[in-house]
> 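One structure follows; several queries about it will come next.
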Amino acid sequence: MWDIRLLKDKKVINAVCIGSLCSVAYLAAYFARNILGAVTPQMIEAGYSAEYIGRVSSLYFIAYAVGQLINGAVGEHVKARYMICAGLLLAGVFNLLFCFSADRVPLAAGLAYGMMGFFLSMIYGPMTKVVAENTEPAYATRCSLGYTFASFFGSPMAGAAAAAMTWQGVMVSGSIFLGIMAAGCFLLFRKMEIRGIIQYNRYARGKERGGGVRILLQHGIAKFTVIAMLTGIVRTTVVFWMPTYISQYLGFPADTAALIFTAATFIISATAFIAIFIYEKPMKGNMDRTILLMFSLAGLFFFLMAVCRQPALNIACMVLGVMASSGAATMLYSRYCPGLRDTGMVSAAAGFLDFSSYLAASVSSTLFARAITQIGWGRLVMVWCGLMAAGVLVSLPYKEFRSGETFLRGKYFRESRGGRVRSGGRK
């Protein structure tokens, strides 16, 4: 139950301040990065090919993936204020360059959009590090939940904008939003640093033999890398092509497809809260079982989507499938990543997992664009179903993959409930 006394707890207030700022900044980033998918039907009607848009999106995903790997490591040493604000500002600049050069110099426009992806990758790793190091474990999960929700809510925002404006207008709006957030974040981060709400490098990286790689392997990162790749394909590439699917396969006009996409992604944005509720209540804090359940449901709903051609039911199955897969992603980014706090490698690990996610998304975006014309939407949906079946296999509680869950149910898990912990995270 909610306790009003929490509002008098300084740690709670600080967590709310940090989490709110990070969530709004992440919302701006995800609004901008979802614009291209939302306006794809408009761009196709204007004469741009699906393959060109697919190549542009792949460039974005590749640049974002590589950027996550680089910027996640850099974020361990550079203040989040500089990383996040520079990323937002420069992403807005290159988004404008794409908007005004797409019809004149398509190649340069694609490269500009890729650069936008690189600069947006400067945000997640440092942000997660700040949250994990400056809030209590239980509050860190809630803060992560906030910007996970923001990442989902960026899609309906982009869809609503696409339904109301031309695709160029939506792009310009995204750049303005990014610029405003860059300035606001710089000032507010600085203010919280002065007040001591935000401090840096409070947890040192372990120095035992094998270094950071060994530490992360001990905490199950191999399993979670595969999960990041599978969920990344759905939450990034599938959602990107959703408006085109609704328009081409289900036969809705482009403006109607944008409205449906807005409504669908608005519902999807509730996934993070639903996933955490399922994790904490029915699954009783068992991350392995929660992820296994989510992949199983996602595979089922995508299968039903493939065999059901009635538009309303088809869209409902698609939404539920994306929500279920995104629920597994919520466990990864809202529970596992903040739980790596004591390793001193939160930013690097988060960056690597996002790198893996978007590397898979970049490859799948190009393949999906070709598959639309070569095998058709119906068989492509069955491919999505197969990917979720692979997620079920990965999520089975094999002994060698239990370390990540063991870690979270050890020191970090008990610490978040105020329990006493001995060295190594064991009772």
Side-chain angles (χ1 to χ4, degrees), residues 23-24 26-46 48 50 53-54 56-57 60-61 91-92 95 98-99 102 113 116-117 120 147-178 181 232-274 305 311-312 314-323 325-326 329 361 365 368-369 372 377 384:
S23 297
V24 177
Y26 215 47
L27 178 62
Y30 263 78
F31 171 68
R33 57 147 293 177
N34 279 292
I35 287 174
L36 184 60
V39 302
T40 291
Q42 285 189 40
M43 294 184 70
I44 291 175
E45 287 188 350
Y48 296 93
I53 297 172
V56 170
S57 67
Y60 171 92
F61 295 143
N95 188 51
F98 170 80
C99 176
Y113 203 77
M116 184 185 83
L120 286 179
Y147 55 78
T148 300
F149 166 75
S151 70
F152 292 132
F153 195 68
S155 293
M157 280 187 62
M165 295 181 281
T166 64
W167 71 267
Q168 296 95 333
V170 184
M171 291 278 181
V172 172
S173 298
S175 293
I176 292 173
F177 192 8
L178 288 170
M181 281 311 306
I233 291 172
V234 175
R235 72 189 183 96
T236 302
T237 311
V238 172
V239 171
F240 176 87
W241 287 106
M242 190 184 293
T244 308
Y245 171 86
I246 295 170
S247 177
Q248 290 186 353
Y249 189 66
L250 298 182
F252 290 94
D255 55 347
T256 305
L259 289 173
I260 295 173
F261 175 73
T262 301
T265 49
F266 180 79
I267 296 171
I268 292 170
S269 66
T271 297
F273 301 104
I274 296 172
M305 177 184 170
N314 188 282
I315 292 172
C317 290
M318 176 171 55
V319 169
L320 291 172
V322 172
M323 288 181 72
S325 176
S326 298
S365 185
F368 287 2
I372 292 169
W377 281 107
W384 302 347

> Looking at Gly54 and Ala369, what are the two nearest heavy atoms and their distance?
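Smallest interatomic distance, heavy atoms only, reads CA-CB, 4.4 Å.
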
> Could you give the side-chain donor-acceptor pairs of residues 255-264 under 3.5 Å, partners two or more places apart or in another chain?
unit_1, atom_1, unit_2, atom_2, d
Thr262, OG1, Gly159, O, 3.1
Thr262, OG1, Ala160, N, 2.9
Thr262, OG1, Ala258, O, 2.8

> Over all heavy atoms of both residues, which pair between Phe61 and Ala361 is shortest? Give the atoms and the distance, please.
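Looks like CD1-O, 3.6 Å.
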
> Quick one: OH on Tyr249 to CE on Met242, what's the gap to the nearest 0.5 Å?
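The distance works out to 15.0 Å.
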
> Identify, with sequence neighbours excluded, every residue that meets side-chain contact (heavy atoms from CB on, under 4.5 Å) alongside Ala91.
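Counting only residues at least two positions away or on another chain, Ala91 forms a side-chain contact (heavy atoms from CB on, under 4.5 Å) with Met116, Phe119, Leu120, Leu178.
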
> Rounded to the nearest 0.5 Å, how far apart are CG of Asn95 and CE of Met171?
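Spacing of CG (Asn95) from CE (Met171) equals 5.5 Å.
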
> Which heavy atom of Val234 sits nearest to which heavy atom of Ser325, and what is that distance?
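Val234 and Ser325 have their closest heavy atoms at CB-OG, 3.4 Å.
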
> Quick check for you: to the nearest 0.5 Å, what is the distance between Met157 atom CE and Thr265 atom OG1?
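One finds 11.0 Å between CE of Met157 and OG1 of Thr265.
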
> Could you tell me how the ring of Trp377 sits relative to the ring of Trp384: parallel (under 30°), tilted (30 to 60°) or perpendicular (over 60°)?
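It falls in the perpendicular class, over 60°.
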
> Check ring pair (Phe, Tyr, Trp, His ring centres under 6.0 Å) between Phe153 and all other residues, then give those that pass, not counting sequence neighbours.
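Counting only residues at least two positions away or on another chain, Phe153 forms a ring pair (Phe, Tyr, Trp, His ring centres under 6.0 Å) with Phe149, Phe266.
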
> When you look at Phe31 and Met181, which way does the side chain to side chain contact (heavy atoms under 4.5 Å, CB included) test go after all the steps?
CA-CA 12 Å; Phe31 171 68; Met181 281 311 306; over 6 Å; no

> With sequence neighbours excluded, what pairs up with Arg235 under the salt bridge (Lys or Arg N to Asp or Glu O under 4.0 Å) test?
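Arg235 satisfies salt bridge (Lys or Arg N to Asp or Glu O under 4.0 Å) with Asp354 once adjacent residues are dropped.
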
> Might you point out which heavy atoms bring Tyr113 and Arg33 nearest each other, and give the distance in Å?
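In terms of heavy atoms, the two residues are closest at OH-O, 3.9 Å.
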
> Are any of the side-chain heavy atoms of Tyr60 and Thr236 separated by less than 4.5 Å?
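They are not in side-chain contact.
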
> Hey, could you give me the CD1/CG distance between Ile315 and Leu250, rounded to the nearest 0.5 Å?
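Here the rounded value is 5.5 Å.
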
> So, using ring pair (Phe, Tyr, Trp, His ring centres under 6.0 Å) as the criterion, who are the partners of Phe240 when residues are at least two apart?
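Ring pair (Phe, Tyr, Trp, His ring centres under 6.0 Å) check on Phe240 returns nothing, list empty.
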
> Scan the side chains in residues 35-44 for donor-acceptor partners under 3.5 Å anywhere in the protein, sequence neighbours excluded, and list what turns up.
unit_1, atom_1, unit_2, atom_2, d
Thr40, OG1, Leu36, O, 2.7
Gln42, OE1, Trp167, N, 2.9
Gln42, NE2, Ala162, O, 2.7
Gln42, NE2, Met165, O, 3.3

> Quick one: do Phe368 and Ile233 satisfy side chain to side chain contact (heavy atoms under 4.5 Å, CB included)? Show the steps, please.
CA-CA 10 Å; Phe368 287 2; Ile233 291 172; 3.8 Å; yes

